[in-house]
Amino acid sequence: MRVLVTGGAGFIGSQIVGALTSAGHEAVVFDAFLASAHGGADAPAGGDGTIVGDVRDRAAVAAALRGVDAVCHQAAMVGLGKDFADAPAYVGCNDLGTAVLLAAMTEAGVRDLVLAGSMVVYGEGRYDCPRHGAVRPGPRAAADLAAGRFEPRCPSCGTELTPGLVTEDAPADPRNVYAATKLAQEHLASSWARATGGRAVSLRYHNVYGPGMPRDTPYAGVASFFRSALARGEAPRVFEDGGQRRDFVHVRDVASANTVALAALAEREPGRFTAYNTGSGEPHTIGEMAEALASAHGGPPPVVTGEYRLGDVRHVTADSRRLRAELGWKPGVGFAEGLAAFASEPLRSMPGGR
């Protein structure tokens with residue numbers, strides 16, 4: 001199979017390219033080599049399966065799709081960014097870029113798509129109240145966060161809640177610009193599948209980490225922030241009280257999920273879109289991750305700061321059993337093993353980075 005990987009030179013995309021090649025597929029890399037993801041490195045001249053182009057450029061995308069059987073769409077701006085002034089860039093890269101890609105796929109007759117989704121579409125995860133059962137708390141108030149009251153409370157009675165696993169059938173509730181764009185990508189992919197007879201899967205990634213993460217950038221994930229600090233000889237700064245629950249999944253496992261999803265699309269009915277949570281199945285707190293990473297690196301130990309960001313959610317860990325049951329995928333890198341290796345693995349240098 002000849003597969004176009006948008007964002008194929010990036011952190012996750014490059015691992016997908018390697019996994020596809022190992023599985024016997026031909027991978028074509030399409031990447032704009034934006035500084036926010038690739039640092040100050042110059043874009044290659046092309047050739048050797050690499051096409052330099054922007055996913056918002058319809059002519060460039062159309063040319064890249066020639067002879068292609070399927071697409072893994074990874075190209076996107078990620079993270080919370082600096083502030084709301086980043087919103088036009090996020091919407092342009094993520095949503096306009098996806099619309100351009102899908103339109104070009106329609107014209108080229110390419111009907112199979114694996115989309116890089118995200119668990120951020122859920123907002124807060126699942127919570128249970130002892131009196132009211134499953135509840136969905138609203139955004140946390142700035143006054144509560146400033147006072148160190150980080151845990152969401154039952155919207156009906158104010159009781160402390162028990163966090164649980166959220167399934168793919170849970171209502172979406174994006175809490176920041178990035179999350180809103182990831183949900184819009186899914187809606188576009190679903191509409192495209194119905195309108196064209198395409199087959200689309202969204203893999204809702206959890207907190208992906210591993211070698212090649214960009215360092216020293218506001219657009220990276222928390223694992224990169226901590227690892228970058230340790231590389232500078234500084235203590236990782238843990239926001240809130242460190243008790244935020246997440247699912248840290250290794251980039252190699254995410255890459256293997258993409259190859260499995262691609263293979264499964266060939267058996268799907270036309271016009272179908274399916275979302276799959278893609279996580280390790282081992283929830284851990286951010287504080288636990290910082291401690292494990294600092295210990296494996298040899299310190300310094302993390303510092304819990306009590307700082308917060310209004311766009312963050314407290315707990316979100318999803319149930320990934322549908323991906324395991326329907327596609328037969330399972331993660332291969334455990335939490336302790338993955339972080340022990342990540343503590344010394346190289347990161348991608350960014351402009352002005354050390």
Side-chain angles (χ1 to χ4, degrees), residues 1-10 12-21 23-34 37 43-77 91-117 181-203 255 257-276 327:
M1 187 185 306
R2 181 176 169 89
V3 183
L4 180 68
V5 185
T6 69
I12 297 175
S14 59
Q15 292 281 347
I16 292 172
V17 168
L20 289 171
T21 302
H25 302 298
E26 179 185 359
V28 179
V29 173
F30 185 88
D31 203 296
F33 289 88
L34 299 178
D48 296 326
T50 299
I51 300 170
V52 181
D54 194 307
V55 75
R56 293 165 289 187
D57 183 340
R58 190 159 180 168
V61 174
L65 284 167
R66 293 183 189 131
V68 163
D69 301 301
V71 174
C72 283
H73 183 31
Q74 307 296 310
M77 286 185 67
V91 173
C93 286
N94 298 0
D95 299 338
L96 175 59
T98 299
V100 169
L101 172 66
L102 294 173
M105 288 175 65
T106 302
E107 293 180 353
V110 179
R111 294 293 184 267
D112 287 348
L113 171 72
V114 178
L115 173 68
T181 66
K182 297 307 289 183
L183 182 58
Q185 283 185 309
E186 291 196 349
H187 289 322
L188 287 166
S190 179
S191 298
W192 166 81
R194 288 194 302 270
T196 67
R199 299 174 293 198
V201 161
S202 176
L203 298 176
N258 275 263
T259 61
V260 168
L262 270 177
L265 282 176
E267 308 299 324
R268 293 294 174 96
E269 297 178 2
R272 184 176 173 188
F273 169 87
T274 310
Y276 291 101
L327 303 190

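Starting from 1, each residue takes its place in the sequence as its number.
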Rounded distance [0.5 Å steps], [atom1] in [X] versus [atom2] in [Y]:
{"X": "Gln74", "Y": "Leu203", "atom1": "CD", "atom2": "CG", "result": "8.0 Å"}
{"X": "Ser202", "Y": "Leu183", "atom1": "OG", "atom2": "CG", "result": "9.5 Å"}
{"X": "Met77", "Y": "Asp95", "atom1": "CE", "atom2": "CG", "result": "12.0 Å"}
{"X": "Leu262", "Y": "Leu20", "atom1": "CG", "atom2": "CG", "result": "6.0 Å"}

Donor-acceptor contact present, side-chain [X] to main-chain [Y], <3.5 Å:
{"X": "Arg111", "Y": "Thr196", "value": "yes"}
{"X": "Ser190", "Y": "Glu186", "value": "no"}
{"X": "Lys182", "Y": "Ala116", "value": "yes"}
{"X": "Ser14", "Y": "Ala9", "value": "no"}

Distance-minimising heavy-atom pair for [X] and [Y]:
{"X": "Leu265", "Y": "Ala200", "answer": "CD2-N, 4.1 Å"}
{"X": "Gly197", "Y": "Pro270", "answer": "O-CB, 3.3 Å"}
{"X": "Leu327", "Y": "Ala261", "answer": "CD1-CA, 4.0 Å"}
{"X": "Cys72", "Y": "Ile16", "answer": "SG-CG2, 4.2 Å"}
{"X": "Ala99", "Y": "Leu188", "answer": "N-CD1, 4.2 Å"}
{"X": "Gly10", "Y": "Asp31", "answer": "N-OD2, 3.5 Å"}

Pair Leu65-Val71, side-chain contact (heavy atoms from CB on, under 4.5 Å): steps then yes or no: CA-CA 9 Å; Leu65 284 167; Val71 174; 3.7 Å; yes

Working note: Arg58 + Glu107, criterion side-chain contact (heavy atoms from CB on, under 4.5 Å); need CA distance, chi angles, decisive distance, verdict. CA-CA 11 Å; Arg58 190 159 180 168; Glu107 293 180 353; 2.7 Å; yes

Please identify which of these residues, Thr98, Leu113, Leu101, meets the side chain to side chain contact (heavy atoms under 4.5 Å, CB included) condition with Trp192.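 For Trp192, the side chain to side chain contact (heavy atoms under 4.5 Å, CB included) test succeeds with only one of Thr98, Leu113, Leu101, which is Leu113.
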
Evaluation steps, side-chain contact (heavy atoms from CB on, under 4.5 Å), between Val110 and Leu4: CA-CA 10 Å; Val110 179; Leu4 180 68; over 6 Å; no

Any [X] side-chain heavy atom under 4.5 Å of [Y] side chain:
{"X": "Asp112", "Y": "Met1", "answer": "no"}
{"X": "His73", "Y": "Val55", "answer": "yes"}
{"X": "Phe30", "Y": "Val68", "answer": "no"}

Which is it for Arg2 and Asp69 under the salt bridge (Lys or Arg N to Asp or Glu O under 4.0 Å) test, yes or no, and what are the steps along the way? CA-CA 5 Å; Arg2 181 176 169 89; Asp69 301 301; over 6 Å; no

Kindly determine whether Thr274 and Arg268 satisfy side-chain contact (heavy atoms from CB on, under 4.5 Å), including the steps that lead there. CA-CA 10 Å; Thr274 310; Arg268 293 294 174 96; 3.2 Å; yes

